[in-house]
Trainee: 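Please read through the structure below; I'll follow up with questions.
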Amino acid sequence: MSKYSKEDIIRLVREGDVEFIRMQFTDIFGQLKNVAITASQIEKAVNNQIMIDGSSIEGFVRIHESDQYLYPDLDSFTVLPWRPQHGKVARLICDVYNPDGTPFVGDPRGVLKRVLKKAADMGYSFNVGPECEFFLFQTDENGNPTTTTSDEAGYFDLGPLDHGESTRREICLALEQMGFEIEASHHEVAQGQHEIDFKYAEALTAADNIMTFKLAVKTLAQKNGLHATFMPKPVFGINGSGMHTNMSLFKDGKNVFFDPDDSRKLSKEAYAFIAGLLKHVCGMAAITNPLVNSYKRLVPGYEAPCYLAWSASNRSALIRIPAARGQATRVELRCPDPTCNPYLALAVCLAAGLDGIEKGMTPPDEITENIFAMDEATRDAKGIKSLPGSLKAAVDALKADELICEALGDHVVSHYTEGKYAEWDAYRTHVSNWEISKYLITY
């Protein structure tokens, strides 16, 4: 049931002193884009008549196919609270369509919609609760970002040790004005690191919320003279930033992952979903962990999961089942990081889980011991494999996983892998400061 009609949006703009509307969409690499229109164009906007040049967007279309149209999701209308309150700025999140009225196959939001339709055809709705971590760093005298923080806080600390506390509070209040329900916000383990958790939502809304969240964090940090980054591992030797992703399937208003008669209170669908994730997680990694830098977080010793295992309690496992049961039963995938494109990441997670359910997969035995403390021989004996160790290995695994490629579609796979191989090659051939300090004098 839609919240807003076209007439509602037109009225909200005209009566609410809205002067600009940002028509937002996301490219395949997770970068938020927009076309800004004035209030005089709102009728064209709600009738899907705002056009973009798709050939200018990385991974979209070639120059001779350039015209594309933005179809706004009317329920995504909201005023941006950090913009002026006289002559307000609002936003609409949009799907990208071809001139013939068909959905564009390279639109990440459309990719997620296609997998959600498959789930709906199986009788399921897919709910997601993300846990987004980020760093707040100081800027230099020219306003450029540094990796310096005057923050001396640790996990759950507060001011005066937590120098980002006021910015974090401002972010939470702004998000609540936009309709978010903030469940928790706190300082994370590393200096300058923060986490804000918001209430779970149906997957498409959750992905929209992640994009809005990242925009709000970066905008309000900049307003306060700080630089916010979602880079997974900005500083060597301390914890990196993840985006633990909590997932559940519902059918007829009930959580299908819960079974009161099972010893762990988990249903056969929950076990199969876990098995599907474990089967495809290496093929998903280039989507859930999309940067060269992502794989510098996924190493032992910093709480980031890199071993393919699951547990109902063990935080060293890739998949954890949090303690809550009943309607709150959920599967937590701990490897994604917040630089991922959330539409593609949730699409591949759901596709993997549904594959497990369709094929009646059974997960390996639960691992209750600390995997980080095991040696390689012990892990081998228990059959515990690792995530890909680099972006190159992850892209290779993506191309080898037919199910994940099918979920993404040929257009996204070809453009995404081409871009990521180019990123890896640029990194591989770059001479780093580490190499200079290691080799220049010695050799």
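In what follows, every heavy atom counts, from backbone to side chain, and hydrogens, waters and symmetry copies are set aside.
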Trainee: Please name the residue in the list Lys113, Arg91, Lys214, Arg109 that meets the salt bridge (charged side-chain N to carboxylate O under 4.0 Å, His left out) test with Asp208.
Mentor: Arg109
Trainee: If we ignore angles and hydrogens, is there a donor and acceptor under 3.5 Å between the side chains of Tyr421 and Asp396?
Mentor: yes
Trainee: Taking C-beta and beyond as the side chain, do Leu215 and Gln24 meet within less than 4.5 Å on heavy atoms?
Mentor: yes
Trainee: Report the relative orientation of the aromatic rings in Tyr4 and Phe77; use parallel for angles under 30°, tilted for 30 to 60°, perpendicular for over 60°.
Mentor: perpendicular
Trainee: On the 0 to 90° scale, with breaks at 30° and 60°, tag the Phe135-Phe137 ring pair as parallel, tilted or perpendicular.
Mentor: parallel
Trainee: Is the backbone of Lys3 close enough, under 3.5 Å, to the side chain of Asp75 for a donor and an acceptor to pair up by distance?
Mentor: yes
Trainee: Near Tyr427 OH, under 6.0 Å, is it more than 12 heavy atoms from other residues, nucleotides or ligands?
Mentor: no
Trainee: Report yes or no: does Gln193 contribute a side-chain atom to a donor-acceptor pair with the main-chain N or O of Gly240 at less than 3.5 Å?
Mentor: yes
Trainee: Test side chain to side chain contact (heavy atoms under 4.5 Å, CB included) on Met23 and Tyr71 and set out the steps.
Mentor: CA-CA 9 Å; Met23 308 284 286; Tyr71 284 37; over 6 Å; no
Trainee: Check whether Tyr416 forms a cation-pi arrangement with Lys420 (NZ or CZ under 6.0 Å from the six-membered ring centre, at most 45° off the ring normal).
Mentor: yes
Trainee: Drop me the distance from Ser76's OG to Ile9's CD1, to the nearest 0.5 angstrom.
Mentor: 7.5 Å
Trainee: Give a yes or no answer on whether the side chain of His430 reaches the backbone of Ala426 with a donor-acceptor pair at less than 3.5 Å.
Mentor: no
Trainee: Given the side-chain rings of Tyr439 and Trp434, with only the six-membered ring counted for Trp, is the space between their centroids under 6.0 Å?
Mentor: yes
Trainee: With no hydrogens and no angle check, do the side chains of Ser432 and Glu435 hold a donor and an acceptor under 3.5 Å apart?
Mentor: yes
Trainee: Which residue is it: Asp355, Leu398, Leu344, Val281? I am looking for the one with a side chain to side chain contact (heavy atoms under 4.5 Å, CB included) to Ile404.
Mentor: Leu398
Trainee: We want to know whether Ser5 and Asp8 form a side-chain donor-acceptor pair, criterion being a heavy-atom distance below 3.5 angstrom.
Mentor: yes
Trainee: Would you please classify the geometry between the Phe134 ring and the Phe230 ring as parallel, tilted or perpendicular, with 30° and 60° separating the classes?
Mentor: tilted
Trainee: Kindly assign one of parallel, tilted or perpendicular to the pair Phe273 and Phe126, based on the angle between their ring planes and the thresholds 30° and 60°.
Mentor: tilted
Trainee: Report yes or no: do Glu170 and Asn224 form a side-chain donor-acceptor pair below 3.5 Å?
Mentor: yes
Trainee: Inspect the surroundings of NZ in Lys218 and state if more than 12 heavy atoms from other residues, nucleotides or ligands are less than 6.0 Å away.
Mentor: yes
Trainee: Are side-chain heavy atoms of His244 and Pro130 found at a separation under 4.5 Å?
Mentor: no
Trainee: Output all residues satisfying side chain to side chain contact (heavy atoms under 4.5 Å, CB included) with Ala345, sequence neighbours left out; order by chain, then residue number.
Mentor: Ile287, Thr288, Cys340
Trainee: Return yes if a side-chain donor-acceptor contact under 3.5 Å exists between Asn255 and Thr329, otherwise no.
Mentor: no
Trainee: Determine whether more than 12 heavy atoms belonging to other residues, nucleotides or ligands lie under 6.0 Å from atom CD of Glu418.
Mentor: no
Trainee: State yes or no: are the ring centers of Phe180 and Phe198 separated by less than 6.0 Å?
Mentor: yes
